[in-house]
Amino acid sequence: MHLTPTPHTPYLRLDGITKRFGNFTANDQINLEIQTGGIHALLGENGAGKTTLMNILSGLYRPDAGQIYLNGQPVEITSPNVAIQQGIGMIHQHFMLVPQLSVVENIVLGTETTLRLNLRQKAHEIAAMSEGYGLAIDPYARVGDLPVGTQQRVEILKALYRQAKLLILDEPTAVLTPPEVNTFFEVLRQLAAKNHTIIFISHKLEEVLRLCDAVTVLRRGKVVGTTTTKGSTRQALARLMVGREVLFQVDKRSGDATQQETIDRALPDRVVLELRNLHVNDDRQLAALKGISLQLHAGEILGVAGVDGNGQRELADAIAGLRSASQGSITLNGINITQWTAQQRVKQLKLGYIPEDRQKMGLVMRFSIARNLILKAFQRLPFCRHWLLQRSAIATNANEAIQAFDIRATSGDLQVHQLSGGNQQKVVLARELAGEPALIIAMQPTRGLDVGATEYVQKALLAERSRGAAILYISTELEEVMTMSDRIAILYEGQFLAILDAETATVAEIGLLMAGDRPAVQPTSLTTTSEGDS
(Lines give C-alpha, C1' and ligand atoms only; values in the text may rest on other atoms or scores of the structure.)
Protein backbone atom coordinates (compact mmCIF):
# COMPACT_ATOMS: atom_id res chain seq x y z
CA MET A 1 0.00 0.00 0.00
CA HIS A 2 1.40 3.40 -0.93
CA LEU A 3 2.43 5.89 1.72
CA THR A 4 0.64 9.17 2.36
CA PRO A 5 2.94 12.19 1.96
CA THR A 6 3.78 14.22 5.06
CA PRO A 7 4.95 17.86 5.05
CA HIS A 8 8.67 18.69 4.82
CA THR A 9 9.70 15.13 4.05
CA PRO A 10 11.04 14.22 0.60
CA TYR A 11 8.59 11.83 -0.98
CA LEU A 12 11.45 9.91 -2.59
CA ARG A 13 14.97 9.54 -1.22
CA LEU A 14 17.66 7.33 -2.67
CA ASP A 15 20.64 6.61 -0.45
CA GLY A 16 23.76 5.10 -2.02
CA ILE A 17 21.94 3.13 -4.75
CA THR A 18 24.46 0.97 -6.61
CA LYS A 19 23.86 -1.50 -9.42
CA ARG A 20 26.52 -3.57 -11.20
CA PHE A 21 26.37 -5.79 -14.28
CA GLY A 22 29.49 -7.92 -14.06
CA ASN A 23 32.45 -5.55 -13.94
CA PHE A 24 30.36 -2.62 -15.19
CA THR A 25 28.85 -0.25 -12.61
CA ALA A 26 25.67 1.27 -14.05
CA ASN A 27 24.68 3.17 -10.89
CA ASP A 28 27.43 4.22 -8.47
CA GLN A 29 26.36 5.46 -5.03
CA ILE A 30 23.33 7.41 -6.28
CA ASN A 31 21.92 9.89 -3.75
CA LEU A 32 18.73 11.70 -4.71
CA GLU A 33 15.89 13.55 -2.98
CA ILE A 34 12.60 14.60 -4.60
CA GLN A 35 10.09 16.69 -2.69
CA THR A 36 6.41 15.86 -2.47
CA GLY A 37 4.57 17.65 -5.28
CA GLY A 38 7.82 18.37 -7.10
CA ILE A 39 8.54 17.94 -10.80
CA HIS A 40 12.14 16.72 -10.87
CA ALA A 41 14.10 16.17 -14.08
CA LEU A 42 16.64 13.39 -14.51
CA LEU A 43 19.23 14.13 -17.18
CA GLY A 44 22.28 12.36 -18.55
CA GLU A 45 24.01 11.12 -21.67
CA ASN A 46 23.06 7.81 -23.26
CA GLY A 47 24.49 5.18 -20.94
CA ALA A 48 24.67 7.52 -17.92
CA GLY A 49 22.49 5.19 -15.80
CA LYS A 50 19.05 6.85 -15.94
CA THR A 51 17.21 3.80 -17.28
CA THR A 52 18.86 1.46 -14.78
CA LEU A 53 17.88 3.74 -11.90
CA MET A 54 14.26 3.96 -13.07
CA ASN A 55 14.16 0.19 -13.56
CA ILE A 56 15.21 -0.16 -9.92
CA LEU A 57 12.38 2.14 -8.82
CA SER A 58 9.93 0.23 -11.06
CA GLY A 59 10.92 -3.13 -9.59
CA LEU A 60 12.57 -4.54 -12.71
CA TYR A 61 16.03 -4.55 -11.07
CA ARG A 62 17.13 -4.84 -7.47
CA PRO A 63 20.05 -2.70 -6.31
CA ASP A 64 23.28 -4.33 -5.16
CA ALA A 65 23.62 -1.70 -2.43
CA GLY A 66 21.74 1.28 -1.03
CA GLN A 67 18.27 2.02 0.25
CA ILE A 68 15.06 3.49 -1.19
CA TYR A 69 12.88 5.64 1.07
CA LEU A 70 9.29 6.69 0.32
CA ASN A 71 8.00 9.45 2.58
CA GLY A 72 10.80 8.77 5.04
CA GLN A 73 10.16 5.03 5.31
CA PRO A 74 12.56 2.40 3.91
CA VAL A 75 10.96 0.19 1.26
CA GLU A 76 12.03 -2.91 -0.64
CA ILE A 77 10.81 -2.89 -4.27
CA THR A 78 11.19 -6.49 -5.35
CA SER A 79 8.90 -6.54 -8.42
CA PRO A 80 6.79 -4.29 -10.66
CA ASN A 81 3.71 -5.33 -8.66
CA VAL A 82 5.36 -4.18 -5.45
CA ALA A 83 6.27 -0.87 -7.13
CA ILE A 84 2.59 -0.35 -8.07
CA GLN A 85 1.53 -1.23 -4.51
CA GLN A 86 3.96 1.40 -3.27
CA GLY A 87 2.31 4.01 -5.50
CA ILE A 88 4.97 4.15 -8.23
CA GLY A 89 3.73 4.37 -11.82
CA MET A 90 5.85 4.59 -14.97
CA ILE A 91 4.56 6.10 -18.20
CA HIS A 92 6.69 4.94 -21.10
CA GLN A 93 7.61 6.85 -24.23
CA HIS A 94 5.78 4.24 -26.33
CA PHE A 95 2.31 3.88 -24.88
CA MET A 96 1.30 0.55 -23.34
CA LEU A 97 -2.29 0.65 -24.60
CA VAL A 98 -4.46 -1.77 -26.58
CA PRO A 99 -5.81 0.27 -29.53
CA GLN A 100 -8.81 -2.00 -30.09
CA LEU A 101 -10.13 -1.54 -26.54
CA SER A 102 -12.01 1.39 -25.04
CA VAL A 103 -10.54 3.89 -22.60
CA VAL A 104 -12.21 2.25 -19.60
CA GLU A 105 -11.11 -1.23 -20.70
CA ASN A 106 -7.49 -0.08 -21.05
CA ILE A 107 -7.50 1.60 -17.65
CA VAL A 108 -8.91 -1.34 -15.69
CA LEU A 109 -6.98 -3.97 -17.64
CA GLY A 110 -5.09 -6.21 -15.23
CA THR A 111 -6.59 -4.69 -12.07
CA GLU A 112 -9.88 -6.56 -11.76
CA THR A 113 -10.09 -10.25 -10.86
CA THR A 114 -13.87 -10.56 -10.57
CA LEU A 115 -15.82 -12.49 -13.21
CA ARG A 116 -18.61 -9.89 -13.08
CA LEU A 117 -16.95 -6.70 -14.26
CA ASN A 118 -19.38 -3.78 -14.27
CA LEU A 119 -17.92 -1.62 -17.05
CA ARG A 120 -20.67 0.96 -16.71
CA GLN A 121 -19.79 1.53 -13.06
CA LYS A 122 -16.06 1.61 -13.85
CA ALA A 123 -16.68 4.09 -16.66
CA HIS A 124 -18.57 6.34 -14.22
CA GLU A 125 -15.69 6.15 -11.70
CA ILE A 126 -13.08 6.90 -14.36
CA ALA A 127 -15.10 9.80 -15.77
CA ALA A 128 -15.35 11.31 -12.28
CA MET A 129 -11.62 10.78 -11.67
CA SER A 130 -10.68 12.30 -15.02
CA GLU A 131 -12.83 15.38 -14.33
CA GLY A 132 -11.27 15.74 -10.90
CA TYR A 133 -7.77 15.77 -12.36
CA GLY A 134 -8.69 18.02 -15.28
CA LEU A 135 -8.16 15.14 -17.71
CA ALA A 136 -11.65 14.95 -19.16
CA ILE A 137 -12.09 12.06 -21.59
CA ASP A 138 -14.85 9.83 -22.96
CA PRO A 139 -14.41 6.49 -21.14
CA TYR A 140 -16.19 4.62 -23.94
CA ALA A 141 -14.00 6.00 -26.76
CA ARG A 142 -11.89 3.46 -28.66
CA VAL A 143 -8.24 4.21 -27.85
CA GLY A 144 -7.09 3.60 -31.44
CA ASP A 145 -9.39 6.42 -32.60
CA LEU A 146 -7.96 8.99 -30.17
CA PRO A 147 -5.25 11.53 -31.05
CA VAL A 148 -1.82 10.92 -29.54
CA GLY A 149 -2.16 13.64 -26.91
CA THR A 150 -5.41 12.12 -25.64
CA GLN A 151 -3.88 8.63 -25.58
CA GLN A 152 -1.24 10.03 -23.27
CA ARG A 153 -4.03 11.16 -20.94
CA VAL A 154 -5.24 7.57 -20.87
CA GLU A 155 -1.75 6.42 -19.81
CA ILE A 156 -1.72 8.96 -16.98
CA LEU A 157 -5.23 8.02 -15.88
CA LYS A 158 -4.21 4.36 -15.92
CA ALA A 159 -1.40 5.14 -13.45
CA LEU A 160 -3.67 7.33 -11.30
CA TYR A 161 -6.36 4.62 -11.25
CA ARG A 162 -3.74 2.37 -9.67
CA GLN A 163 -3.27 5.13 -7.05
CA ALA A 164 0.20 6.13 -8.17
CA LYS A 165 1.65 9.03 -6.16
CA LEU A 166 5.07 8.95 -7.84
CA LEU A 167 4.93 9.19 -11.65
CA ILE A 168 7.98 8.42 -13.78
CA LEU A 169 7.70 9.93 -17.29
CA ASP A 170 10.16 8.65 -19.91
CA GLU A 171 10.54 11.06 -22.89
CA PRO A 172 6.83 11.90 -22.62
CA THR A 173 6.73 14.63 -25.29
CA ALA A 174 8.43 12.68 -28.08
CA VAL A 175 5.19 12.13 -30.04
CA LEU A 176 3.34 15.36 -29.22
CA THR A 177 2.81 18.51 -31.27
CA PRO A 178 3.79 21.87 -29.67
CA PRO A 179 0.17 22.68 -28.71
CA GLU A 180 -0.20 19.19 -27.19
CA VAL A 181 3.02 19.73 -25.19
CA ASN A 182 1.59 22.94 -23.72
CA THR A 183 -1.60 21.14 -22.68
CA PHE A 184 0.39 18.22 -21.29
CA PHE A 185 2.54 20.51 -19.13
CA GLU A 186 -0.61 22.08 -17.67
CA VAL A 187 -1.80 18.58 -16.75
CA LEU A 188 1.50 17.79 -15.01
CA ARG A 189 1.37 21.06 -13.06
CA GLN A 190 -2.16 20.20 -11.93
CA LEU A 191 -1.00 16.77 -10.79
CA ALA A 192 1.90 18.30 -8.87
CA ALA A 193 -0.52 20.74 -7.22
CA LYS A 194 -2.47 17.68 -5.99
CA ASN A 195 0.71 16.35 -4.29
CA HIS A 196 1.75 13.90 -7.00
CA THR A 197 5.52 13.68 -7.32
CA ILE A 198 6.91 13.52 -10.86
CA ILE A 199 10.22 12.36 -12.31
CA PHE A 200 10.64 13.79 -15.80
CA ILE A 201 13.21 12.13 -18.09
CA SER A 202 13.97 14.03 -21.28
CA HIS A 203 16.72 15.10 -23.66
CA LYS A 204 14.84 18.35 -24.37
CA LEU A 205 16.53 20.82 -22.08
CA GLU A 206 14.21 23.70 -22.94
CA GLU A 207 11.26 21.64 -21.72
CA VAL A 208 13.10 20.69 -18.55
CA LEU A 209 13.79 24.36 -17.74
CA ARG A 210 10.21 25.31 -18.55
CA LEU A 211 8.47 22.59 -16.54
CA CYS A 212 10.63 21.25 -13.74
CA ASP A 213 11.51 22.59 -10.31
CA ALA A 214 14.84 20.82 -9.97
CA VAL A 215 17.29 18.76 -12.05
CA THR A 216 19.64 15.92 -11.21
CA VAL A 217 22.33 15.08 -13.76
CA LEU A 218 24.00 11.68 -14.08
CA ARG A 219 27.29 11.06 -15.83
CA ARG A 220 28.84 7.59 -16.12
CA GLY A 221 26.61 6.22 -13.39
CA LYS A 222 27.25 8.96 -10.84
CA VAL A 223 25.38 12.08 -9.76
CA VAL A 224 27.43 15.05 -10.93
CA GLY A 225 25.03 17.75 -9.86
CA THR A 226 21.58 18.68 -8.61
CA THR A 227 20.26 22.19 -9.12
CA THR A 228 17.07 24.18 -9.35
CA THR A 229 15.92 25.21 -12.80
CA LYS A 230 15.44 28.81 -11.74
CA GLY A 231 18.40 30.73 -13.13
CA SER A 232 19.88 27.67 -14.88
CA THR A 233 20.48 27.47 -18.64
CA ARG A 234 20.61 24.83 -21.37
CA GLN A 235 24.34 25.42 -21.68
CA ALA A 236 24.94 24.81 -17.98
CA LEU A 237 22.89 21.60 -17.95
CA ALA A 238 24.54 20.31 -21.11
CA ARG A 239 27.98 21.03 -19.66
CA LEU A 240 27.09 18.94 -16.61
CA MET A 241 25.82 16.12 -18.83
CA VAL A 242 28.79 15.76 -21.18
CA GLY A 243 31.61 17.55 -19.34
CA ARG A 244 32.25 20.14 -22.06
CA GLU A 245 30.60 22.99 -23.94
CA VAL A 246 27.87 21.95 -26.41
CA LEU A 247 26.69 23.92 -29.42
CA PHE A 248 22.89 24.12 -29.61
CA GLN A 249 22.54 26.38 -32.64
CA VAL A 250 24.61 24.61 -35.25
CA ASP A 251 25.84 26.89 -38.05
CA LYS A 252 24.36 25.75 -41.33
CA ARG A 253 26.97 27.85 -43.14
CA SER A 254 29.97 25.94 -41.86
CA GLY A 255 33.40 27.52 -42.14
CA ASP A 256 33.96 31.19 -42.83
CA ALA A 257 31.55 33.13 -45.03
CA THR A 258 33.95 33.45 -47.98
CA GLN A 259 34.62 29.73 -48.02
CA GLN A 260 30.89 28.94 -47.87
CA GLU A 261 30.09 31.36 -50.71
CA THR A 262 32.71 29.58 -52.83
CA ILE A 263 31.08 26.23 -52.04
CA ASP A 264 27.62 27.60 -52.85
CA ARG A 265 28.77 28.93 -56.23
CA ALA A 266 30.41 25.60 -57.04
CA LEU A 267 27.17 23.67 -56.45
CA PRO A 268 25.01 23.41 -59.55
CA ASP A 269 21.39 24.43 -58.97
CA ARG A 270 20.20 21.00 -59.91
CA VAL A 271 17.42 18.76 -58.67
CA VAL A 272 18.81 15.62 -57.01
CA LEU A 273 15.48 14.13 -55.91
CA GLU A 274 12.04 14.70 -57.41
CA LEU A 275 8.77 13.11 -56.30
CA ARG A 276 5.69 13.50 -58.48
CA ASN A 277 2.21 12.61 -57.24
CA LEU A 278 3.62 9.83 -55.06
CA HIS A 279 1.16 7.38 -53.48
CA VAL A 280 2.42 4.73 -51.04
CA ASN A 281 0.52 2.23 -48.87
CA ASP A 282 1.40 1.23 -45.32
CA ASP A 283 1.81 -2.31 -43.99
CA ARG A 284 -1.97 -2.74 -43.86
CA GLN A 285 -2.26 -1.65 -47.50
CA LEU A 286 -3.97 1.58 -46.48
CA ALA A 287 -2.99 4.87 -48.11
CA ALA A 288 -0.08 6.37 -46.18
CA LEU A 289 1.11 8.91 -48.78
CA LYS A 290 -1.58 10.53 -50.89
CA GLY A 291 -0.07 12.19 -53.91
CA ILE A 292 2.91 14.15 -52.59
CA SER A 293 5.32 16.07 -54.80
CA LEU A 294 8.61 17.82 -54.02
CA GLN A 295 12.02 18.75 -55.39
CA LEU A 296 15.24 18.51 -53.38
CA HIS A 297 18.34 20.28 -54.67
CA ALA A 298 22.07 19.69 -54.29
CA GLY A 299 23.45 21.32 -51.14
CA GLU A 300 20.01 21.64 -49.55
CA ILE A 301 18.42 20.19 -46.42
CA LEU A 302 14.67 19.73 -46.73
CA GLY A 303 13.17 19.04 -43.32
CA VAL A 304 9.97 17.04 -42.95
CA ALA A 305 8.01 17.97 -39.82
CA GLY A 306 5.01 16.13 -38.47
CA VAL A 307 3.66 14.00 -35.66
CA ASP A 308 4.86 10.40 -35.86
CA GLY A 309 2.65 8.16 -37.98
CA ASN A 310 1.64 10.63 -40.68
CA GLY A 311 3.55 8.90 -43.49
CA GLN A 312 7.17 9.68 -42.61
CA ARG A 313 8.31 6.06 -42.55
CA GLU A 314 6.57 5.27 -45.83
CA LEU A 315 8.14 8.33 -47.46
CA ALA A 316 11.67 7.34 -46.43
CA ASP A 317 11.17 3.66 -47.28
CA ALA A 318 9.73 4.45 -50.73
CA ILE A 319 12.72 6.61 -51.68
CA ALA A 320 15.16 3.99 -50.36
CA GLY A 321 13.38 1.22 -52.29
CA LEU A 322 12.14 -0.67 -49.22
CA ARG A 323 8.50 -0.04 -50.10
CA SER A 324 6.79 0.14 -53.51
CA ALA A 325 4.92 3.16 -54.81
CA SER A 326 1.32 2.46 -55.86
CA GLN A 327 1.26 5.56 -58.05
CA GLY A 328 3.53 8.42 -59.09
CA SER A 329 7.27 8.58 -59.71
CA ILE A 330 10.62 8.92 -57.92
CA THR A 331 13.49 10.47 -59.87
CA LEU A 332 17.08 10.58 -58.58
CA ASN A 333 19.71 12.53 -60.52
CA GLY A 334 17.41 12.59 -63.53
CA ILE A 335 16.84 8.81 -63.52
CA ASN A 336 13.38 7.38 -62.88
CA ILE A 337 14.03 4.80 -60.14
CA THR A 338 10.39 4.13 -59.17
CA GLN A 339 10.61 0.45 -60.15
CA TRP A 340 14.21 -0.11 -59.02
CA THR A 341 14.89 -2.47 -56.11
CA ALA A 342 16.70 -1.34 -52.99
CA GLN A 343 19.76 -3.34 -54.09
CA GLN A 344 19.82 -1.58 -57.46
CA ARG A 345 19.62 1.83 -55.80
CA VAL A 346 22.47 1.02 -53.43
CA LYS A 347 24.66 -0.53 -56.12
CA GLN A 348 24.15 1.95 -58.97
CA LEU A 349 23.34 5.23 -57.19
CA LYS A 350 24.97 7.13 -54.37
CA LEU A 351 22.23 6.97 -51.75
CA GLY A 352 22.59 6.95 -47.97
CA TYR A 353 19.72 5.93 -45.69
CA ILE A 354 19.78 6.50 -41.92
CA PRO A 355 16.70 4.55 -40.68
CA GLU A 356 14.61 5.62 -37.70
CA ASP A 357 15.40 2.50 -35.65
CA ARG A 358 19.13 1.89 -35.63
CA GLN A 359 18.81 -1.39 -33.73
CA LYS A 360 16.07 -3.03 -35.81
CA MET A 361 16.78 -1.55 -39.24
CA GLY A 362 20.22 0.05 -39.18
CA LEU A 363 22.45 -2.56 -37.58
CA VAL A 364 22.90 -6.29 -37.07
CA MET A 365 23.33 -6.17 -33.31
CA ARG A 366 25.36 -9.38 -32.98
CA PHE A 367 27.73 -8.40 -35.78
CA SER A 368 30.95 -6.55 -35.08
CA ILE A 369 31.44 -2.87 -35.86
CA ALA A 370 33.65 -3.87 -38.78
CA ARG A 371 31.02 -6.12 -40.36
CA ASN A 372 28.21 -3.60 -39.86
CA LEU A 373 30.31 -1.00 -41.69
CA ILE A 374 30.44 -3.11 -44.87
CA LEU A 375 26.83 -4.35 -44.99
CA LYS A 376 26.19 -2.40 -48.20
CA ALA A 377 29.55 -3.14 -49.83
CA PHE A 378 30.69 -6.58 -48.70
CA GLN A 379 30.41 -8.01 -52.23
CA ARG A 380 32.68 -5.37 -53.75
CA LEU A 381 36.34 -4.48 -53.71
CA PRO A 382 38.29 -3.95 -51.55
CA PHE A 383 36.22 -5.96 -49.05
CA CYS A 384 35.62 -8.97 -51.28
CA ARG A 385 37.91 -10.63 -53.82
CA HIS A 386 37.03 -13.84 -55.68
CA TRP A 387 34.01 -14.22 -53.36
CA LEU A 388 36.24 -14.19 -50.28
CA LEU A 389 36.04 -11.49 -47.61
CA GLN A 390 39.30 -9.56 -47.21
CA ARG A 391 39.80 -9.35 -43.47
CA SER A 392 42.66 -6.89 -43.64
CA ALA A 393 40.69 -4.39 -45.75
CA ILE A 394 37.62 -4.78 -43.51
CA ALA A 395 39.70 -4.16 -40.36
CA THR A 396 41.42 -1.13 -41.90
CA ASN A 397 38.07 0.34 -42.93
CA ALA A 398 36.75 -0.14 -39.38
CA ASN A 399 39.78 1.50 -37.78
CA GLU A 400 39.50 4.49 -40.11
CA ALA A 401 35.78 4.87 -39.39
CA ILE A 402 36.34 4.60 -35.62
CA GLN A 403 38.85 7.45 -35.83
CA ALA A 404 36.91 9.62 -38.29
CA PHE A 405 33.55 9.33 -36.50
CA ASP A 406 34.85 9.20 -32.92
CA ILE A 407 33.23 5.83 -32.23
CA ARG A 408 34.04 4.95 -28.61
CA ALA A 409 35.29 1.41 -29.10
CA THR A 410 38.56 -0.40 -28.49
CA SER A 411 38.48 -2.11 -31.90
CA GLY A 412 36.30 -2.94 -34.88
CA ASP A 413 35.85 -6.45 -33.51
CA LEU A 414 33.52 -5.19 -30.76
CA GLN A 415 29.88 -6.19 -31.31
CA VAL A 416 27.60 -3.19 -31.80
CA HIS A 417 25.14 -4.28 -29.09
CA GLN A 418 27.92 -3.47 -26.62
CA LEU A 419 27.95 0.20 -27.70
CA SER A 420 25.85 3.06 -26.34
CA GLY A 421 23.02 4.39 -28.50
CA GLY A 422 25.09 7.37 -29.61
CA ASN A 423 28.00 5.20 -30.73
CA GLN A 424 25.65 2.80 -32.53
CA GLN A 425 24.31 5.78 -34.47
CA LYS A 426 27.86 6.80 -35.37
CA VAL A 427 28.40 3.35 -36.89
CA VAL A 428 25.28 3.85 -39.04
CA LEU A 429 26.52 7.32 -40.05
CA ALA A 430 29.98 6.04 -40.95
CA ARG A 431 28.49 3.41 -43.26
CA GLU A 432 25.80 5.56 -44.87
CA LEU A 433 28.04 8.58 -45.48
CA ALA A 434 30.83 6.50 -46.99
CA GLY A 435 31.43 7.18 -50.68
CA GLU A 436 30.00 10.72 -50.61
CA PRO A 437 26.33 9.95 -51.36
CA ALA A 438 24.43 12.41 -53.57
CA LEU A 439 21.22 11.90 -51.53
CA ILE A 440 20.97 11.23 -47.80
CA ILE A 441 17.68 10.22 -46.17
CA ALA A 442 18.02 10.95 -42.46
CA MET A 443 15.04 9.47 -40.63
CA GLN A 444 14.92 10.52 -36.95
CA PRO A 445 18.75 10.68 -36.95
CA THR A 446 19.02 11.90 -33.34
CA ARG A 447 16.14 9.96 -31.76
CA GLY A 448 17.07 8.91 -28.23
CA LEU A 449 20.48 10.61 -28.36
CA ASP A 450 21.87 12.93 -25.71
CA VAL A 451 22.91 16.50 -26.49
CA GLY A 452 26.53 15.59 -27.22
CA ALA A 453 25.70 12.81 -29.67
CA THR A 454 22.98 14.97 -31.26
CA GLU A 455 25.50 17.75 -31.86
CA TYR A 456 27.88 15.28 -33.51
CA VAL A 457 25.24 13.84 -35.86
CA GLN A 458 24.03 17.28 -36.91
CA LYS A 459 27.57 18.51 -37.63
CA ALA A 460 28.27 15.43 -39.75
CA LEU A 461 25.13 16.00 -41.84
CA LEU A 462 25.86 19.71 -42.25
CA ALA A 463 29.32 18.81 -43.53
CA GLU A 464 27.66 16.58 -46.15
CA ARG A 465 25.36 19.47 -47.11
CA SER A 466 28.36 21.76 -47.58
CA ARG A 467 29.94 19.11 -49.79
CA GLY A 468 26.85 19.26 -52.02
CA ALA A 469 24.70 16.37 -50.83
CA ALA A 470 20.92 16.72 -50.89
CA ILE A 471 19.48 15.74 -47.50
CA LEU A 472 15.91 14.78 -46.61
CA TYR A 473 15.81 15.36 -42.85
CA ILE A 474 12.76 13.68 -41.26
CA SER A 475 12.15 14.28 -37.56
CA THR A 476 9.32 14.73 -35.09
CA GLU A 477 11.53 17.18 -33.15
CA LEU A 478 10.32 20.55 -34.43
CA GLU A 479 13.15 22.63 -32.98
CA GLU A 480 15.66 20.29 -34.58
CA VAL A 481 13.96 20.48 -37.99
CA MET A 482 13.92 24.28 -37.83
CA THR A 483 17.60 24.38 -36.85
CA MET A 484 18.83 22.06 -39.56
CA SER A 485 16.63 22.81 -42.57
CA ASP A 486 16.69 25.23 -45.47
CA ARG A 487 13.03 24.47 -46.20
CA ILE A 488 10.45 22.67 -44.08
CA ALA A 489 7.66 20.45 -45.43
CA ILE A 490 4.81 19.74 -43.01
CA LEU A 491 3.42 16.23 -43.44
CA TYR A 492 -0.10 15.53 -42.15
CA GLU A 493 -2.11 12.39 -42.88
CA GLY A 494 0.03 11.55 -45.90
CA GLN A 495 -0.02 14.98 -47.53
CA PHE A 496 2.21 18.04 -47.51
CA LEU A 497 0.13 20.90 -46.15
CA ALA A 498 2.86 23.43 -46.94
CA ILE A 499 6.58 23.79 -47.64
CA LEU A 500 7.99 26.81 -45.80
CA ASP A 501 11.24 28.77 -45.74
CA ALA A 502 13.01 27.74 -42.51
CA GLU A 503 14.30 31.27 -41.89
CA THR A 504 10.84 32.84 -41.80
CA ALA A 505 8.68 29.97 -40.49
CA THR A 506 7.52 30.16 -36.87
CA VAL A 507 6.97 27.46 -34.28
CA ALA A 508 3.33 28.48 -33.90
CA GLU A 509 2.72 28.30 -37.66
CA ILE A 510 4.34 24.87 -38.03
CA GLY A 511 2.73 23.56 -34.85
CA LEU A 512 -0.75 24.34 -36.16
CA LEU A 513 0.04 22.69 -39.49
CA MET A 514 1.36 19.59 -37.70
CA ALA A 515 -2.01 19.35 -35.94
CA GLY A 516 -3.82 19.48 -39.30
CA ASP A 517 -4.78 23.17 -39.40
CA ARG A 518 -4.56 23.68 -43.14
CA PRO A 519 -3.52 27.10 -44.45
CA ALA A 520 -6.39 29.28 -45.65
CA VAL A 521 -4.66 29.61 -49.05
CA GLN A 522 -3.00 26.46 -50.35
CA PRO A 523 0.53 26.99 -51.70
CA THR A 524 0.59 27.22 -55.48
CA SER A 525 3.68 25.01 -55.65
CA LEU A 526 5.30 22.65 -53.20
CA THR A 527 8.53 22.41 -55.16
CA THR A 528 9.76 26.01 -55.11
CA THR A 529 13.04 26.81 -53.46
CA SER A 530 13.16 30.51 -54.21
CA GLU A 531 11.08 33.16 -55.84
CA GLY A 532 10.46 32.24 -59.45
CA ASP A 533 11.43 28.56 -59.12
CA SER A 534 8.85 25.88 -59.83
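Numbering of residues begins at 1 and proceeds along the displayed sequence.
- Between R408 and E45 there is no salt bridge, since no side-chain nitrogen of the basic residue lies less than 4.0 Å from a carboxylate oxygen of the acidic one.
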Check your understanding: Can you check salt bridge (Lys or Arg N to Asp or Glu O under 4.0 Å) on E477 and K204, steps first, answer last?
Key -> CA-CA 9 Å; E477 303 292 343; K204 302 176 183 179; 3.0 Å; yes

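- Screening R20, K19, R220, K222 against D28 for a salt bridge (Lys or Arg N to Asp or Glu O under 4.0 Å) leaves a single residue, K222.
- Looking at T446 and E480, their side chains do bring a donor and an acceptor atom within 3.5 Å of each other.
- Of the possible donor and acceptor atoms, none in the side chain of E356 sits under 3.5 Å from a partner among the backbone N and O of R313.
- Inter-residue side-chain proximity for V75 and Y69 is flagged as unmet; no heavy-atom pair is nearer than 4.5 Å.
- No more than 12 heavy atoms of other residues, nucleotides or ligands shown are found within 6.0 angstrom of CZ on R120.
- L461 and A442 make their closest contact through CD1-CB, 4.1 Å (heavy atoms, listed as atom of the first residue, atom of the second, distance).
- With 3.5 Å as the limit, one finds no donor-acceptor pair spanning the side chains of D517 and Y492.
- Within a 6.0 Å radius of NE2 in H417, more than 12 heavy atoms belonging to other residues, nucleotides or ligands are found.
- Atoms CD1 and OG1, on I39 and T197 in that order, are 10.0 Å from each other to the nearest 0.5 Å.
- Note: Y11 and H40 fail the aromatic proximity criterion, with ring centroids not under 6.0 Å apart.
- Judged purely by atom type and a 3.5 angstrom limit, Q151 uses its side chain to pair as donor or acceptor with the backbone of L146.
- Within 6.0 Å of OH on Y133 lie more than 12 heavy atoms contributed by other residues, nucleotides or ligands.
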Listed pairs under 3.5 Å, donor-acceptor, residues 96-107 side chains, sequence neighbours left out:
| residue | atom | partner | partner atom | Å |
| --- | --- | --- | --- | --- |
| S102 | OG | E105 | N | 3.2 |
| S102 | OG | E105 | OE1 | 3.2 |
| E105 | OE1 | S102 | N | 2.9 |
| N106 | OD1 | V98 | N | 2.7 |
| N106 | ND2 | V98 | O | 3.0 |
| N106 | ND2 | L101 | O | 3.4 |
| N106 | ND2 | S102 | O | 3.0 |

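- The ring pair (Phe, Tyr, Trp, His ring centres under 6.0 Å) search around Y61 returns F21, not counting sequence neighbours.
- Checking E125 against Q121 by side-chain atom types alone, a donor-acceptor pair falls below 3.5 Å.
- With D357 contributing its side chain and M361 its backbone, the two residues share no donor-acceptor pair below 3.5 Å.
- The minimum heavy-atom distance between I474 and P445, with the atom names listed, is O-CD, 3.8 Å.
- Between V223 and N31, the shortest heavy-atom distance links the atoms CG2-O, 3.8 Å.
- Side-chain N or O atoms of R13 include none that pairs as donor or acceptor with a backbone N or O of L32 at under 3.5 Å.
- R210 has no carboxylate O lying under 4.0 Å from a charged side-chain N of E207, or vice versa, which leaves the two without a salt bridge.
- Rounded to the nearest 0.5 angstrom, I440 CD1 and E464 CD are separated by 4.5 Å.
- Using a 4.5 Å cut-off on side-chain heavy atoms (C-beta onward), L513 and L500 make contact.
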